[in-house]
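Order of the sequence lines sets the chain letters (A, B, ...), proteins ahead of strands, with each chain counted from 1.
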There are 2 protein chains.
Amino acid sequence: MTARHEQIATELRRAIRRGEYPVGARLPAETELAARHGVSRGTVRQAVAALTAEGLIGSRQGARRVVLAGHRSQSFAELRSFAQWAQAMGREATGRVLAQEYRPATPEDAARLHLAEHTPLLHVLRVRGLDGEPVLVERTVYADWISPAVEPLDPDCASVTQRLHEETGLVFAHGEHVIDAVAAGARDAALLAVRRTSPLLRVRRVTTTHDGRPVEWSDDRYRPDAVSFTVHNAIGHNPLVRTTAG
Amino acid sequence: MTARHEQIATELRRAIRRGEYPVGARLPAETELAARHGVSRGTVRQAVAALTAEGLIGSRQGARRVVLAGHRSQSFAELRSFAQWAQAMGREATGRVLAQEYRPATPEDAARLHLAEHTPLLHVLRVRGLDGEPVLVERTVYADWISPAVEPLDPDCASVTQRLHEETGLVFAHGEHVIDAVAAGARDAALLAVRRTSPLLRVRRVTTTHDGRPVEWSDDRYRPDAVSFTVHNAIGHNPLVRTTAG
DNA sequence: CAGTGGTCTAGACCACTGT
DNA sequence: CAGTGGTCTAGACCACTGC
């Protein structure tokens, strides 16, 4: 069922975490790994490419691959909803809707969601928590074609993503996240139990379907003492982009 | 001597940016692209894998690849230093050292740099700017084995990375970045020309050589109105994709 | 210099999508 | 159902690293 290259990747990750290949150690050669697992070199290369993308190992032509880290940090490698992300860390996600209303699309809304201006759009204000502690204020705007499915959801629904998928088959397939920092406003401060003007980590994101059609966009503000983001970087390639303000 | 798969990737990027494949459009099949470029399917797959990693296109088994975005922000692909990144965006980077001193390694320093506690370490406080405007306060700690090469550098040196490479052949090959937000302290505020307690985007990073040996670690604080970070995401082999609508 | 990773080929079969 | 991407093989040559 699981692909052969994924099995090999999993085994390598385990061996690294076990300390069999400590940080700085060199991995076996591709041909050696291929022989050991009874697969072709191409399959081994698929496996090690995954670890390289995760920042676990480094790779240079002519030299053996080198272990860079003993464990994988929780990053943006895979798109997860807040609920899924919390679960992956072994914590319980909560959610509560505080306000829900329709407003005509601003030019900004229209541009981000690829819709006409003035289209009535569903705005939702949510607070989300980890293990009962509030860590995130979420201001989401939904595309008009999905809002009928969002509106009737339970205000305490822990995973909107999952409920929408169950109800409509909708898949949140892609996300673009822009990360910066803002000062907590009066409302943010009250909801997150921090002082006003206290720094918050802001993520503005647009989520789309498989074919790139925008489903929602959201302004998420995290308590920086509760949540941070980790990105790995290497000469050659990385998923992060640094942008100057326009 | 550019690789064939990279040429094909470049051509696809151009075609997308040209609008030949607008957002939502489907790319030609792998076999079609292979025939068109006179290469094997494997080479085409290398090319489209690059675009997928960049978030430019989406990919699902059984369906044609789909264009998700028409352009990419300035990527800091080659793990660019601040100076190199600024140059790539057509802006001028400046740098100024404000303080430089040795301090014994704290337990935190020792852990991050893989050195013994109490080792004297070079601490450098720098302000960096774009087109003359200060946007970043950088507090860097260098490993003991590289600090002799850092210490004598010109305080106004725009690119420490480049100078170190020229002087010692050192390569900054990997970086791990942890992103959160902090309030500007009195010193940060003065240096960046913002109010005290104003929110700053903080990136704590460790930079290593090819073999994972830490070279430096740094606490970088950006003015969030000047710099932000972008991450592209795609759903992986997630149960959400596989389950069917209820 | 031998060893290693990067690139590329020309097949093959399977799982999944869309019509 | 045909079309398409995901996986895999068994070769080959080249560029680079490290001794």
Sugar-phosphate or base contact per nucleotide [nucleotides 2-9 of chain C; S, B, -; heavy atom under 4.0 Å]: -BBBBBSB
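Taking the six-membered ring where the residue is Trp, B:His210 and B:His174 present perpendicular rings, their angle passing 60° and hence far from 30°.
A salt bridge links B:Glu216 to B:Arg205: at least one charged side-chain nitrogen sits closer than 4.0 Å to a carboxylate oxygen. Looking at B:Glu20 and B:Arg14, no side-chain N of the basic residue comes within less than 4.0 Å of a carboxylate O on the acidic one, giving no salt bridge.
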Secondary structure string for DNA chain C (Watson-Crick or G-U under 3.5 angstrom, | for other-strand pairs): ||||||||||||||||||.
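Residues passing the salt bridge (Lys or Arg N to Asp or Glu O under 4.0 Å) test with B:Asp144: none are found, sequence neighbours excluded.
Counting only distance, with no hydrogens or angles, the side chain of A:Glu6 and the backbone of A:Ala3 share no donor-acceptor pair below 3.5 Å. No donor-acceptor pair under 3.5 Å is formed between the side chain of A:Arg26 and the backbone N or O of A:Ala63.
In this model, no donor atom of one side chain and acceptor atom of the other lie less than 3.5 Å apart for A:Glu11 and A:Gln7.
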